[in-house]
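Scroll down for the structure; my scribbles are underneath it.
Values below: every heavy atom of this structure, side chains too, minus hydrogens, waters and symmetry copies. Just so it is clear: chains get the letters A, B, ... in the order the sequence lines come, proteins before strands, and each one is counted from 1.
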2 protein chains.
Amino acid sequence: MFIENINSPADLKGLGIDELKTLAEEVRAGVLNRVSTHGGHVGPNLGFVEATVALHYVFDSPKDKFIFDVSHQSYPHKMLTGRKEGFLDASLMDRISGYSSPLESPEYDNFEVGHTSTSIALASGLMKARDISKQKYNIVAVIGDGSLSGGEAFEGLDTVAEIGTGIVIVVNDNEMSIAENHGGIYRNLKLLRETGGKAELNFFKALGFEYQYLEDGNDVAKLIEVFKGVKNTKVPVVVHIHTEKGHGYKPATEDKEAWHWNFPFDVKTGNIKNPEKFEGENYNELLGQYLSKKVKEDPKLVVVAAAVPASFGFDKKRRRAAGKQYIDVGIAEEEAVALASGMAKGGAHPVFSTYATFLQRTYDQLAQDLAVNGNPAVINVMGASIYGMNDFTHICFFDIPMLAHIPNLVYLAPTTWEEFEAMENWAIAQEKYSVAIRVPAGKVQHDTTTEYDTDYSDINKYKMVKKGMKIAVIAAGNFYQKGRNLVDALDAKENIQATLINPRYLSGIDEQMLHDLQFSHQVVVTLEDGCLDGGFGERIARYYGPTQVKVLNFGISKQLYDRYDVNKLIEDNNLTDDQIFTEVMRNLV
Amino acid sequence: MFIENINSPADLKGLGIDELKTLAEEVRAGVLNRVSTHGGHVGPNLGFVEATVALHYVFDSPKDKFIFDVSHQSYPHKMLTGRKEGFLDASLMDRISGYSSPLESPEYDNFEVGHTSTSIALASGLMKARDISKQKYNIVAVIGDGSLSGGEAFEGLDTVAEIGTGIVIVVNDNEMSIAENHGGIYRNLKLLRETGGKAELNFFKALGFEYQYLEDGNDVAKLIEVFKGVKNTKVPVVVHIHTEKGHGYKPATEDKEAWHWNFPFDVKTGNIKNPEKFEGENYNELLGQYLSKKVKEDPKLVVVAAAVPASFGFDKKRRRAAGKQYIDVGIAEEEAVALASGMAKGGAHPVFSTYATFLQRTYDQLAQDLAVNGNPAVINVMGASIYGMNDFTHICFFDIPMLAHIPNLVYLAPTTWEEFEAMENWAIAQEKYSVAIRVPAGKVQHDTTTEYDTDYSDINKYKMVKKGMKIAVIAAGNFYQKGRNLVDALDAKENIQATLINPRYLSGIDEQMLHDLQFSHQVVVTLEDGCLDGGFGERIARYYGPTQVKVLNFGISKQLYDRYDVNKLIEDNNLTDDQIFTEVMRNLV
């Protein structure tokens with residue numbers, strides 16, 4: 001075993017080519033060991049093992065700087081830079097994040113990265129800092145073909161070419177995004193692959209880059225040769241390498257989309273471990289079913305994806321069935337929102353769905369391209385909850401501060417699947433409002449007895465579910481159930497008949513209802529599954545600021561979070577049912 | 001005069017080439033008449049007169065759809081689509097906005113547009129809507145060369161190429177952005193110009209477009225010929241036309257940057273009318289002086305612009321003097337923020353300044369590329385105030401909801417120029433925090449007697465300026481003076497010694513100070529020069545929600561605004577000094 005003796009990249013330098021090849025296989029086994037035990041990104045890491053070995057052999061990290069895109073291909077890098085235990089020892093895997101992280105390795109990781117298309121832009125900053133201080137080192141930005149469709153990647157390329165000093169951009173072309181690639185640029189990558197990089201028509205050269213192509217992107221020896229050739233370059237160079245996503249692990253090469261990321265699995269069979277844990281209903285799958293059905297009913301409906309159709313259950317079969325009523329713009333969220341606005345203007349019924357954390361790319365497009373125009377597109381905000389993704393860069397519960405204050409954007413928070421359907425049906429059919437819907441997250445909540453409204457055009461009209469007194473509980477979206485529990489507990493334990501309100505709208509307040517409440521209520525409680533700062537509850541606190549009504553806002557405090565335990569998060573934020581009850585009673589005069 | 005008889009594009013159809021040329025001159029005169037009387041975008045409109053005449057002659061608007069980028073070149077289009085009075089009659093000019101607007105012309109204007117790089121992305125949505133409904137019409141997206149550096153434009157091109165059906169993209173290449181162009185793509189445009197469009201290396205072709213070049217982009221006859229050739233195209237075509245910014249008006253062609261936009265001027269001399277109105281101090285100019293000085297003192301400092309260096313007073317002379325310590329990334333705000341983060345990581349001291357409305361493009365980059373990493377870059381938020389730009393798409397007072405809730409981003413609000421300098425000095429020198437600073441706006445406020453702190457690392461520590469009782473006034477940034485006025489009035493009229501606080505930090509609260517206030521104060525007043533929803537004051541309201549302290553939040557209500565009168569806006573929002581005083585007294589028990 002060579003890997004046992006690799007504690008830093010310096011330990012690779014003495015190895016011969018055959019030894020490096022063996023090392024690559026050991027790294028691959030380590031990656032597989034981790035992802036099969038712990039879950040994680042499979043295909044991106046397996047395809048980039050050889051390139052990582054070659055990069056660390058040729059370049060001198062940490063003096064030379066590597067910047068990874070998304071950084072879901074940085075596991076091999078982690079194994080070669082002092083963090084192999086997180087791959088080889090199951091008991092230490094939790095110490096290692098799924099992304100590059102200076103907090104984890106200040107020496108070898110340059111940026112906390114989790115979103116796409118950022119590596120070149122970040123690297124351009126390192127270039128400029130290096131150049132003005134007259135330092136000399138290599139900068140290597142790695143980017144996958146899938147990430148090249150993102151506007152930030154283009155802006156980065158454009159600037160790097162103008163700066164004009166040394167940088168190596170490794171385009172890791174595995175012919176895949178998370179799903180298949182979409183966009184004009186992929187024709188050029190194909191042409192370049194087919195011509196061994198010799199085609200005159202070359203996107204990178206057109207921007208001013210020197211360019212090299214390597215067909216065998218999983219061949220350590222050839223990679224070393226190419227990287228040696230560009231080391232210490234004085235100008236920006238693109239090294240376009242053709243790799244195989246999932247290389248060296250058959251299940252991952254046979255279904256690349258399914259194996260982009262996976263839950264813990266049995267390495268021999270490729271079967272998910274404890275599949276029963278992932279069975280049962282979930283909102284993504286329900287949404288996939290719903291949209292498939294709607295596509296058939298409404299010929300104007302177009303389902304829009306930005307590279308993550310799985311986030312809303314739109315698997316290959318559903319995509320195929322939707323035909324022209326489905327469009328994936330690739331990793332290009334800005335385009336997705338502008339496209340949706342344009343489609344709505346043109347009379348179609350676009351529905352764009354993506355995770356809340358990725359929607360951050362579209363603040364301006366939501367505000368300007370969409371809401372200023374008031375075009376009736378529908379934006380489904382996925383996973384916006386403490387029950388969603390919990391990685392540092394993938395936290396999805398800052399969406400209310402982001403979306404709820406954009407003028408002319410209606411932001412709805414359904415409390416159950418059935419209420420979601422009612423709201424989505426309305427949002428798709430109406431022609432007046434730009435509507436974002438916070439798709440519920442966590443365990444699926446059903447309510448088939450409530451008759452939900454079919455018309456939500458009376459903007460900001462809250463729903464009073466139970467009229468009571470003394471205490472009013474305004475419980476939004478995913479935390480509606482917590483509100484219900486509070487009201488029940490107040491009844492059971494204190495014989496207080498509290499008022500329960502489903503606010504439905506996150507983007508404004510029902511002034512009439514709030515006005516009326518004050519005469520019979522001492523305390524108004526708000527509950528939201530998201531960041532308190534700039535959130536839903538603060539608007540209510542402002543409304544009652546000049547009155548005698550006390551307001552208690554429950555939600556999550558603003559700070560960075562990483563791989564949190566959701567139960568601990570709930571407790572730390574005073575959000576267990578008991579904590580809420582106690583706090584409310586403490587504030588009752 | 002032909003223009004007198006043009007009430008819709010149909011009225012052009014019968015004209016001969018020479019008549020169209022005369023019409024173009026009349027349109028040019030109309031544009032000049034408007035901008036010289038009213039102010040507005042000069043160069044972009046003058047350069048696109050002939051192309052607009054040709055487009056309306058060849059295509060059949062409103063059946064065929066035009067989409068303009070930024071839409072600051074849409075004046076000629078407005079003149080030909082029923083709105084010529086807004087150009088010929090000084091008394092009617094206020095009716096016409098400076099941008100394309102469906103509110104103004106539902107028939108001929110497809111989108112409210114004011115930000116850059118959106119036309120192709122919006123057009124892609126129209127394409128998709130047209131195609132799935134099996135309609136047939138032409139879609140023409142116009143984009144300037146300067147806007148091509150924006151990521152959204154690239155994402156749009158990438159998607160349009162994949163959709164693959166008919167669209168005409170007119171690249172209006174006047175060799176200029178607002179200032180000079182920056183980015184690798186401009187080498188390719190230059191190569192294409194120099195080769196008459198014949199170079200093999202072609203950015204647009206690489207993405208899959210058909211391509212045509214026209215050198216004489218201000219020649220009506222040749223433009224008509226080219227447009228006729230692409231009308232009813234079944235595939236995406238780029239028509240690259242070489243135009244002259246400011247064409248036909250000598251002052252505008254001689255200093256293209258100065259004449260991109262201008263105040264009312266004398267057409268004969270090109271001199272600004274009533275220059276005394278624009279004399280005297282302003283924050284942009286002060287910032288330009290400050291940054292120029294800092295560049296000399298600190299060799300690590302790099303001034304970063306995204307195409308609008310004039311927004312922070314960085315004129316040609318200052319740019320030249322800054323040398324390598326200045327970088328303009330073009331219209332590419334995402335890149336600007338990521339670049340700044342990378343530079344800070346690499347040990348440089350980057351300062352990126354842009355208008356608040358354009359910073360909306362960077363929500364994700366601020367949150368992820370910058371704040372998650374905690375890299376010590378400085379972001380100057382310009383014009384963030386009701387005293388800033390007042391066009392529909394250029395409102396700059398939604399920045400607090402956008403920025404103040406991003407975890408790990410410190411957002412500061414200086415109240416005077418001297419406090420700004422103190423904060424900026426600290427922000428540039430420190431190495432721990434990602435810092436955004438809301439550069440004051442409106443009339444310059446000085447305070448040379450207060451000794452402002454030099455260290456702001458005690459995050460969220462408010463400054464108590466005057467300790468009083470009963471009423472506490474927390475007055476942020478530009479509205480600090482309003483707070484001071486209120487405290488003075490309370491003293492003078494009611495003999496109330498109120499507390500005055502300069503909060504300084506918009507991104508968090510001083511819990512200790514707020515805690516202490518409650519024992520001696522009945523009413524806490526917050527004042528902010530921005531949107532109330534999701535703003536600064538609501539956090540204070542949340543803090544006091546469970547207490548007996550009354551909170552009054554003063555600021556601007558959330559809604560769309562267009563060309564507002566600032567005094568009316570202040571009054572409508574209950575923000576005159578008298579209104580504030582009355583409201584506060586009304587709430588005192």
Side-chain angles (χ1 to χ4, degrees), chain A residues 112 115 118 121-122 124-126 128-129 132 149 151-152 154-155 158-159 161-162 182-185 187-188 200-201 203 206-208 324 329 332 334-335 338-339 342-343 346-348 360-361 363-364 368-369 372-373 401 405 407-408 533-534 538 541-542 545-546 550-551 553 558-560 587, chain B residues 112 115 118 121-122 124-126 128-129 132 149 151-152 154-155 158-159 161-162 182-185 187-188 200-201 203 206-208 324 329 332 334-335 338-339 342-343 346-348 360-361 363-364 368-369 372-373 401 405 407-408 533-534 538 541-542 545-546 550-551 553 558-560 587:
Chain A
E112 305 281 347
H115 287 196
T118 71
L122 291 167
S124 73
L126 287 181
K128 189 75 189 164
I132 64 154
S149 54
E152 189 177 349
F154 173 75
E155 293 184 1
D158 199 42
T159 302
E162 163 134 344
H182 291 281
I185 191 177
R187 295 190 215 181
N188 192 239
E200 288 280 353
L201 212 52
F203 173 76
L207 291 176
K324 293 276 180 202
V329 298
E334 299 182 291
E335 160 66 20
L339 170 99
M343 263 197 271
Q360 294 183 181
R361 280 282 162 85
Y363 184 94
D364 191 52
Q368 294 275 327
D369 299 350
V372 164
N373 284 282
H405 314 305
N408 221 30
D533 292 64
E538 287 188 345
R542 166 159 68 96
K550 281 190 181 186
V551 175
N553 297 138
K558 182 184 86 161
Q559 60 184 78
L560 297 174
N587 278 280
Chain B
E112 304 283 346
H115 287 196
T118 70
L122 291 167
S124 75
L126 287 182
K128 189 74 190 163
I132 64 156
S149 54
E152 189 176 349
F154 173 74
E155 293 183 1
D158 199 42
T159 302
E162 163 133 346
H182 291 280
I185 191 175
R187 295 190 215 183
N188 192 240
E200 287 281 353
L201 212 54
F203 173 76
L207 291 176
K324 293 277 180 200
V329 298
E334 299 182 291
E335 160 66 19
L339 170 99
M343 263 197 269
Q360 295 184 179
R361 280 282 161 86
Y363 184 95
D364 192 51
Q368 294 273 326
D369 298 352
V372 163
N373 284 282
H405 315 304
N408 220 31
D533 293 63
E538 287 189 345
R542 165 159 68 95
K550 280 191 182 186
V551 176
N553 297 138
K558 183 184 87 162
Q559 60 185 77
L560 296 174
N587 277 279

> Relative to chain B, which of A/Asn373, A/Leu126, A/Val372 shows the most heavy atom pairs under 4.5 Å?
Replying inline: A/Asn373
>> Quick check on the interface: out of A/Met343, A/Glu162, A/Glu112, A/Arg542, who has the most heavy-atom pairs with chain B under 4.5 Å?
In response: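 The option with the most such pairs is A/Arg542.
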Select one option (side chain, backbone, both, neither) describing which atoms of [X] are under 4.5 Å from chain B's heavy atoms.
X	result
A/Gln559	backbone
A/Asp369	both
A/Arg361	both

> Which pair of non-hydrogen atoms, one from B/Ala338 and one from A/Glu152, has the smallest distance, and what is that distance?
Replying inline: CB-OE2, 3.4 Å
> Considering all heavy atoms of both residues, which atom of A/Ala129 and which atom of B/Ala348 are nearest to each other, and what is their separation?
Replying inline: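 Scanning both residues, the minimum pair turns out to be CB-CB, 3.9 Å.
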Got a donor-acceptor contact below 3.5 angstrom from the [X] side chain to the [Y] backbone?
X	Y	result
B/Asp158	A/Ser149	no
A/Asn188	B/Leu207	no
A/Lys128	B/Lys324	yes

Nearest-0.5 Å distance, [atom1] of residue [X] to [atom2] of residue [Y]:
X	Y	atom1	atom2	result
B/Gln368	A/Leu122	CD	CG	10.5 Å
A/Glu334	B/Asp364	CD	CG	9.5 Å
A/Asn408	B/Lys558	CG	NZ	9.0 Å

> Where on B/Asn553 is there a heavy atom nearer than 4.5 Å to chain A: the side chain, the backbone, both, or neither?
Replying inline: side chain
Select, from [options], the one with the greatest count of heavy-atom pairs under 4.5 Å involving chain A.
options	answer
B/Gly534, B/Ala161, B/Ala541, B/Pro407	B/Pro407
B/Val329, B/Ile132, B/Asn587	B/Ile132
B/Gly151, B/Pro401, B/Pro546	B/Pro546
B/Leu339, B/Leu201, B/Asp533	B/Asp533
B/Gly125, B/Gly346, B/Ala332	B/Gly125
B/Gly208, B/Gly347, B/Ala206	B/Ala206

> How are the rings of A/Phe203 and B/Phe154 set to each other: parallel, tilted or perpendicular (split at 30° and 60°)?
Replying inline: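 Geometry flag for B/Phe154 against A/Phe203: tilted rings.
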>> Distance alone, cut at 3.5 Å: any donor-acceptor contact between the side chains of A/Ser124 and B/Glu335?
In response: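 A donor-acceptor contact under 3.5 Å links the two side chains.
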> Does A/His182 reach the side chain of B/Thr159, with side-chain heavy atoms less than 4.5 Å apart?
Replying inline: no
